[in-house]
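So that the names make sense, note that chain A is the first sequence line, chain B the second, and so on, each numbered from 1. Quantities reported herein were computed from a predicted structural model and do not represent experimental measurements. As a basis for the values below, the full set of heavy atoms in this structure was taken, side chains included, without hydrogen atoms, waters or symmetry mates.
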Amino acid sequence: MDTMIASDPSNSVALLAWYDRHARRLPWRIGPQRRRDGERPDPYRVWLSEIMLQQTTVAAVGPYFDRFVTRWPGVADLAAAETDHVMQEWAGLGYYSRARNLKRCAEIVASEHGGRFPETSDELATLPGIGPYTAAAIAAIAFDEPAPVVDGNVERVVTRLYRIETPLPKAKTEVRARVAGITPETRPGCFAQAMMDLGATICTPKRPTCALCPVNESCAAHAEGDPERFPVKAPKKEKPTRTGTAYVAVRADGAVLLRRRAEKGLLGGMAEVPNEGWATKSGGEEAEGPPLRADWVRLPAPVRHTFTHFHLVLDVYRARVGREIAAPADAWWSAPDRLDGEALPAVMRKVVASALEG
DNA sequence: TATTCGTGGGA
DNA sequence: TTCCCAAGAAT
């Protein structure tokens, strides 16, 4: 039996009323009250936040968002920025292709759209880094287009509302159709954010607080008493473990030897200490060995790090060298006061830290 | 359709 | 410790 809130418009009304009282206050939002006064948020800030929030928690994004909008207040500023500087500011946030696409997108908006974001989801979806979700989200939130906004939160809420047994990601089509069916013509931006806030604060993955849910009376999973069973997900495959070796050369003045990774692939375009052996699945391609002739000492504990699809165990070697030692081609010495500003991903910061402690 | 792409926090 | 997962996109 279908308990469709599409046939019950008061349900989206109930959700919006809940949102008016419980909306999360976030730096890239304007509150429900200002929205109802006809105001809309800055599309640049909406876009930037949506890119950063892809597969990333609100808590993690917060400080990055603040630093970005302070340094680059508008899309034209970001378009004019050095890509290296963008990568440095993004370092630690992960999924670094987002940063490269962010820069490309800013350049296109600046040069081909007169510095203004397109206002429809279809146009937005043609821009780099903007897929189905982000296009719909920006269109709804910044321009009040009634586009179906489907993220992980909405998938959870909707699969529970309708007790969708089809496992994700196969159920995505059905979920999107359901969302399209319940998205209101009025306040679609608030509706989208309300659905996401509901998923983030009430309709949580574990132990949802259905008693506080504004739409619990039309929720099929709640009626059955098994909301936590949804969404059903396809089994995930286990992560293999790769092993490799990293070399931390420390100059007498404390400078550390760094180099730049290739533009494409894992950690593309980011900085790293010289390392080898873990790039491919098979591992153990030709061993280059250490980047300098020096007295290398292996640290007692390897560095462990887990990526999306594999575990990494990195043996770390350290060598202390004189200040007269030149950096190899394509590498550079990074002074202690500049290390924080380098585009070092988290795994490389771990490696450097372990070598400087020990 | 399936794989690749990060990270940190919480259970 | 280990697993899960958080406002997905590109290929």
Side-chain angles (χ1 to χ4, degrees), chain A residues 24 26-29 45-65 87 90-102 104-105 124-142 147-157 167-170 172-173 175-176 179 189 192-201 203-207 228 231 233-242 261-270 272 279-281 304-312 343-350:
Chain A
R24 287 179 292 173
L26 301 170
W28 44 88
R29 281 187 179 175
R45 295 168 69 92
V46 173
W47 164 71
L48 179 61
S49 69
E50 290 299 342
I51 302 299
M52 287 184 166
L53 286 162
Q54 289 166 4
Q55 298 292 287
T56 308
T57 59
V58 168
V61 165
Y64 283 86
F65 180 84
M87 303 308 288
W90 197 277
L93 199 53
Y95 285 136
Y96 298 100
S97 65
R98 291 185 298 175
R100 295 193 297 276
N101 286 331
L102 186 83
R104 289 177 51 207
C105 184
L124 287 163
T126 67
L127 295 168
I130 299 183
Y133 160 76
T134 305
I138 297 172
I141 295 169
V149 176
V150 184
D151 74 331
N153 288 305
V154 177
E155 286 177 346
R156 187 168 55 256
V157 171
L168 289 170
K170 189 172 188 175
K172 277 180 177 295
T173 304
V175 170
R176 187 173 294 105
V179 173
Q193 292 174 97
M195 288 285 279
M196 293 191 279
D197 279 17
L198 187 68
T201 64
C203 196
T204 49
K206 305 294 182 187
R207 297 174 59 90
E228 217 169 303
K233 292 193 173 181
K236 55 200 63 168
K237 42 188 249 181
E238 60 181 280
K239 296 177 180 178
T241 297
R242 299 189 199 172
R261 292 178 62 84
E263 290 301 314
K264 293 194 169 186
L266 187 70
L267 309 177
M270 302 297 285
E272 65 177 4
T280 63
K281 243 184 308 194
R304 297 174 182 279
H305 189 79
T306 297
F307 293 97
T308 307
H309 53 294
F310 66 94
H311 302 290
L312 177 63
L344 284 168
V347 60
M348 290 300 156
R349 290 187 190 274
K350 272 193 208 177

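Checked against side-chain hydrogen bond (donor to acceptor under 3.5 Å, both in side chains), A/His309 has no partners two or more places apart in sequence or in another chain. With sequence neighbours left out, A/Phe65 forms a side chain to side chain contact (heavy atoms under 4.5 Å, CB included) with A/Pro27, A/Trp28, A/Arg45, A/Leu48, A/Ser49, A/Met52, A/Val61, A/Val69. Residues forming a side chain to side chain contact (heavy atoms under 4.5 Å, CB included) with A/Thr308 (at least two apart in sequence, or on another chain): A/Tyr95. For A/Arg349, the side-chain hydrogen bond (donor to acceptor under 3.5 Å, both in side chains) test picks out no residue, with sequence neighbours left out.
The distance between atom CD of A/Glu238 and atom P of C/dT2, rounded to the nearest whole Å, is 13 Å. At whole-Å resolution of the value, CG in A/Leu26 and P in C/dA6 are 16 Å apart. Rounded to whole angstrom, the span from the NZ atom of A/Lys172 across to the C1' atom of C/dA9 amounts to 11 Å. Between A/Trp90 atom CH2 and C/dA9 atom P the separation is 13 Å, expressed in whole Å. We find that CD of A/Glu155 is positioned 12 Å from C1' of C/dA6, with the value rounded to whole Å. In this entry the distance linking NZ of A/Lys236 with P of B/dC5 reads 19 Å, nearest Å. Look at CD1 on A/Ile138: it is 13 Å from P on C/dG8, rounded to the nearest Å. Summarising the geometry, the separation between NZ on A/Lys206 and P on C/dC5 is reported as 6 Å, rounded to the nearest angstrom.
Among the heavy atoms of the strands, none lies under 4.0 Å from A/Pro169. Nucleic acid contact class of A/Lys170 (heavy atoms, under 4.0 Å, all strands): none. Residue A/Arg24 is classed as a base contact, given a heavy-atom separation below 4.0 Å to a base. Within 4.0 Å of A/Arg100, counting heavy atoms only, lies no atom of the nucleic acid at all. Within the 4.0 angstrom heavy-atom criterion, no nucleotide atom of any strand lies near A/Leu102. Counting any heavy atom pair closer than 4.0 Å across all strands shown, A/Trp28 reaches a base atom.
Atom P of C/dA6 sits at a distance of 22 Å from the matching atom of B/dT4, rounded to the whole Å. Taking atom P in both B/dG8 and C/dA9, the straight-line distance is 22 Å, to the nearest Å.
The side chain of A/His309 approaches B/dT4 more closely than any other nucleotide in the set C/dC5, B/dT4, C/dG8.
Here the closest non-hydrogen pair linking A/Leu344 and A/Ala91 is O-CB, 3.6 Å.
For B/dT4, the OP1/OP2 oxygens have no side-chain nitrogen or oxygen of A/Lys264 closer than 4.0 Å. Applying the 4.0 Å criterion to OP1 and OP2 of B/dT3, one finds that A/Lys237 has a side-chain N or O inside that range.
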Please produce a list of atom pairs where a protein N or O lies less than 3.5 Å from an N or O of nucleotides 6-9 of chain B.
from: B/dG6; atom 1: OP1; to: A/Tyr95; atom 2: N; distance (Å): 3.4
from: B/dG6; atom 1: OP1; to: A/Tyr96; atom 2: N; distance (Å): 2.8
from: B/dG6; atom 1: OP2; to: A/Leu267; atom 2: N; distance (Å): 2.4
from: B/dG6; atom 1: O4'; to: A/Tyr95; atom 2: N; distance (Å): 3.1
from: B/dG6; atom 1: N7; to: A/Tyr95; atom 2: OH; distance (Å): 3.3
from: B/dG6; atom 1: N7; to: A/Thr308; atom 2: OG1; distance (Å): 2.4
from: B/dG6; atom 1: O6; to: A/Tyr95; atom 2: OH; distance (Å): 3.1
from: B/dG6; atom 1: N1; to: A/Gln55; atom 2: O; distance (Å): 2.8
from: B/dG6; atom 1: N2; to: A/Gln55; atom 2: O; distance (Å): 3.2
from: B/dG6; atom 1: N2; to: A/Thr56; atom 2: OG1; distance (Å): 2.9
from: B/dT7; atom 1: OP1; to: A/Tyr96; atom 2: OH; distance (Å): 2.9
from: B/dT7; atom 1: OP1; to: A/Ala346; atom 2: N; distance (Å): 2.6
from: B/dT7; atom 1: OP2; to: A/His305; atom 2: NE2; distance (Å): 2.8

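Using a cutoff of 4.0 Å between basic side-chain nitrogens and carboxylate oxygens, A/Arg156 and A/Asp151 are not scored as salt-bridged.
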Enumerate, atom names and distances included, each donor-acceptor pair closer than 3.5 Å involving a side-chain atom of residues 125-134 of chain A, sequence neighbours excluded.
from: A/Thr126; atom 1: OG1; to: A/Glu123; atom 2: O; distance (Å): 2.6
from: A/Tyr133; atom 1: OH; to: A/Glu50; atom 2: OE1; distance (Å): 2.6
from: A/Thr134; atom 1: OG1; to: A/Gln54; atom 2: NE2; distance (Å): 3.0

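Remark on DNA chain C: of its neighbouring residues A/Arg29 and A/His311, the 5'-side contact belongs to A/His311, judged by nearest-heavy-atom nucleotide. Taking for each of A/Thr204 and A/Gly129 the nucleotide of DNA chain C with the nearest heavy atom, the 5'-most of the two is the partner of A/Thr204.
With hydrogens and angles left out, the side-chain atoms of A/Asn101 and A/Arg98 include no donor and acceptor closer than 3.5 Å.
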